[in-house]
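Here is the structure we will look at.
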Amino acid sequence: MSARRAAPVLALLAALAVAGCGDATAIRRGGVVASERLTIYSLLPRPAEGAARDIVDGERLALREAGARAGGYTLN
């Protein structure tokens, strides 16, 4: 592909990449959730072993008992 033909393709790819990023204003401000679904992460070291496993099981139980919902949000 010649450089002349590649330039529009590269411009289109760049525009698509920027458009895919979305608006990060809500993220920078903090305290704003941009979706109705939240994903919960646990940062425990080795969450499949020992006491960390017990904590993860407790977190999952609490989420299940709450119906996987909190404050109007669906939880993953």
Excluding sequence neighbours, so at least two apart, what forms salt bridge (charged side-chain N to carboxylate O under 4.0 Å, His left out) with Glu59?
-> none
Smallest separation among heavy atoms of Ala52 and Pro45, with atom names = CB-O, 3.6 Å
Please set out all donor-acceptor pairs under 3.5 angstrom arising from side-chain atoms of residues 63-72, sequence neighbours excluded.
| residue | atom | partner | partner atom | Å |
| --- | --- | --- | --- | --- |
| Arg69 | NH1 | Thr74 | OG1 | 2.7 |
| Arg69 | NH2 | Gly72 | O | 2.9 |

Listed partners of Arg60 passing side chain to side chain donor-acceptor pair (under 3.5 Å), at least two apart = none
When rounded to the nearest 0.5 Å, the distance separating OH of Tyr73 from CZ of Arg37 is 13.5 Å
Rounded to the nearest 0.5 Å, the CG atom of Leu44 sits from the CG atom of Asp54 at a distance of 10.5 Å
